[in-house]
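Report on the following structure.
The structure presented is a predicted model; accordingly, all values stated were derived computationally and were not measured. Note on naming: letters A, B, ... go to the chains in the order of the sequence lines (proteins, then strands), and numbering restarts at 1 for each one.
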2 protein chains.
Amino acid sequence: MLNKKVNEPLSDDAIVEKFNSYLKERGKRRTPERYEILNHVLAFRKQFTVDDLKQTMDNGHFRVSQATLYYTMDLLVEADILRRLSTGTNAVAFERVDNVRHIHLLCQECGKVKLVKDQNFMAYMNALRFPAFTASYYNLTVYGICNDCARRIKRLQREAKKATNQ
Amino acid sequence: MLNKKVNEPLSDDAIVEKFNSYLKERGKRRTPERYEILNHVLAFRKQFTVDDLKQTMDNGHFRVSQATLYYTMDLLVEADILRRLSTGTNAVAFERVDNVRHIHLLCQECGKVKLVKDQNFMAYMNALRFPAFTASYYNLTVYGICNDCARRIKRLQREAKKATNQ
DNA sequence: TTTACTGCAAATATTTTGCAATATC
DNA sequence: GATATTGCAAAATATTTGCAGTAAA
């Protein structure tokens, strides 16, 4: 059964509180690094890589070691705040778990991801059950091409044809 | 608009032919390595990594260099035969483009992926349209836990509790 | 014969790990 | 004070690249 909470995205504050509880319950320490990382993570609207995160933290003048970043990502995944995924590049990407409420439109040309909502789809997924499997989240990624890239490619093709004819 | 062909998975032979045409059209060479790689690729029912592929090829006693493997994966993706994706680990995974006809059930404990069919979902997706975006494929991954793992975890918890009480 | 392709080895990129110093509880 | 956590640097893993030899067209 899909967890009800998935369908009600938490506020940033609630997520911080969730992390708080997670750390307490497991006897893990609540260090400034962890909360600073979480703050920066929550500022991302879309998926991001560890490298993206590192850069925004450096810009914010809060230096954290690579090792800590990676370790904290594990915690955030385990705490059910982030989910690991990928855009098909080398680096693993992360996104907030509650992004599942959106359909991901991934342009295969420019790599950009657009998030769109579809209430019918959400309702459909919430009702869906599977044999011998308990679902908690889902991710629907649609691969294709965005209009900007489609236009650009058409233009390039026209120009290439022109050049050949001359 | 979702490409009609997506809904009619090609036979292995047809895919080889598709690769053939792709290579010819682009003036690329039809080398034994490329066809041998494609044959091994088609033997995978589910997603696989370059490393998986390398191992099965080594087992099949057909040695291909790493560089060639990676390069050929690019070709197969470009030829619209494979799609890049990820199970959330470091290595990029690939799967046949026509696997989109299935819902992916990914167990977050053991990492295994089960493919299930859902005709309603397929019909729904085929009708779906997006603003400023032309879709060609989609991937629905459901994250959760398979019954085997769920049972194993419950058992471990019971045993842990017992041990504490004693 | 031309040049795309392959394999090798080295270079990059990404992530993980061992360990000493530090900070939380 | 005990020990989980951090940062550093090195190791491990994954992927890309330069180049010389080979083979497809």
Side-chain angles (χ1 to χ4, degrees), chain A residues 16 19-41 47-58 60-79 82-94 111, chain B residues 16 19-41 47-58 60-79 82-94 111:
Chain A
V16 172
F19 191 42
N20 218 359
S21 314
Y22 164 82
L23 293 175
K24 269 193 214 164
E25 278 166 22
R26 314 256 171 155
K28 292 183 183 297
R29 295 181 181 169
R30 280 161 286 150
T31 68
E33 285 83 359
R34 290 178 175 175
Y35 287 97
E36 196 63 30
I37 289 171
L38 178 54
N39 278 338
H40 279 85
V41 159
Q47 50 189 238
F48 60 91
T49 64
V50 170
D51 197 60
D52 294 335
L53 178 59
K54 193 168 172 47
Q55 275 182 265
T56 70
M57 294 203 67
D58 285 350
H61 305 294
F62 194 101
R63 243 198 62 69
V64 192
S65 75
Q66 219 173 216
T68 301
L69 274 185
Y70 278 101
Y71 185 52
T72 307
M73 298 318 278
D74 285 348
L75 293 182
L76 291 172
V77 168
E78 168 132 341
L82 291 184
R83 195 155 46 82
R84 237 177 270 270
L85 41 84
S86 163
T87 55
T89 61
N90 305 349
V92 169
F94 296 86
Chain B
V16 172
F19 192 41
N20 218 358
S21 315
Y22 165 82
L23 293 175
K24 270 194 213 164
E25 279 167 21
R26 313 254 172 158
K28 292 182 183 299
R29 295 182 180 168
R30 279 160 286 147
T31 68
E33 284 84 358
R34 289 179 176 175
Y35 287 97
E36 196 63 30
I37 289 171
L38 179 54
N39 278 338
H40 280 86
V41 159
Q47 51 189 235
F48 60 91
T49 63
V50 171
D51 197 59
D52 294 335
L53 178 59
K54 191 168 173 46
Q55 275 181 265
T56 70
M57 294 204 65
D58 285 350
H61 304 294
F62 194 102
R63 241 197 62 69
V64 191
S65 74
Q66 220 174 215
T68 301
L69 274 185
Y70 278 101
Y71 186 51
T72 307
M73 299 318 277
D74 284 349
L75 293 182
L76 290 172
V77 169
E78 169 132 341
L82 292 184
R83 196 155 45 82
R84 237 177 270 270
L85 40 85
S86 163
T87 55
T89 61
N90 304 349
V92 169
F94 296 86

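Under the salt bridge (Lys or Arg N to Asp or Glu O under 4.0 Å) criterion, A:D51 pairs with no residue at all, not counting sequence neighbours. Evaluation of the side-chain hydrogen bond (donor to acceptor under 3.5 Å, both in side chains) rule for B:T56 yields no partner, not counting sequence neighbours. Annotation: side-chain hydrogen bond (donor to acceptor under 3.5 Å, both in side chains) contacts of B:R29 (sequence neighbours excluded): none. The ring pair (Phe, Tyr, Trp, His ring centres under 6.0 Å) test applied to B:Y71 returns no partner, not counting sequence neighbours. Remark: B:D74 pairs with B:R84 by the salt bridge (Lys or Arg N to Asp or Glu O under 4.0 Å) rule, at least two apart or across chains. Remark: A:Y35 pairs with A:F19 by the ring pair (Phe, Tyr, Trp, His ring centres under 6.0 Å) rule, at least two apart or across chains. When the side-chain hydrogen bond (donor to acceptor under 3.5 Å, both in side chains) test is applied to A:R30, no partner is found at least two apart in sequence or on another chain. Under the side-chain hydrogen bond (donor to acceptor under 3.5 Å, both in side chains) criterion, A:D58 pairs with no residue at all, not counting sequence neighbours.
Separating the CZ atom in B:R34 from the CG atom in B:L75 is a distance of 5.0 Å, to the nearest 0.5 Å. The distance from atom NE2 of A:H40 to atom CG of A:L53, rounded to the nearest 0.5 Å, is 7.5 Å.
Taking only side-chain nitrogens and oxygens, B:Y70 never comes nearer than 4.0 Å to OP1 or OP2 of D:dT16.
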Contact pattern, 5' to 3', of nucleotides 3-8 of chain D - B, S or - by protein heavy atom under 4.0 Å: BBSSBB
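Side chains of B:V50 and B:F94 form a contact here, defined as non-hydrogen atoms less than 4.5 Å apart. Contact check for A:V41 versus A:F48: side-chain heavy atoms found under the 4.5 Å cut-off.
Rounded to 10°, the helix from C:dT1-D:dA25 to C:dC25-D:dG1 has 40° between the axis fitted to its first five pairs and the one fitted to its last five.
Running 5' to 3' along DNA chain C, contacts with non-hydrogen atoms of chain B at under 4.0 Å begin and end at C:dT3 to C:dT15.
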For nucleotides 20-22 of chain D, which of its nitrogen or oxygen atoms have a protein nitrogen or oxygen under 3.5 Å away, and what is each distance?
none

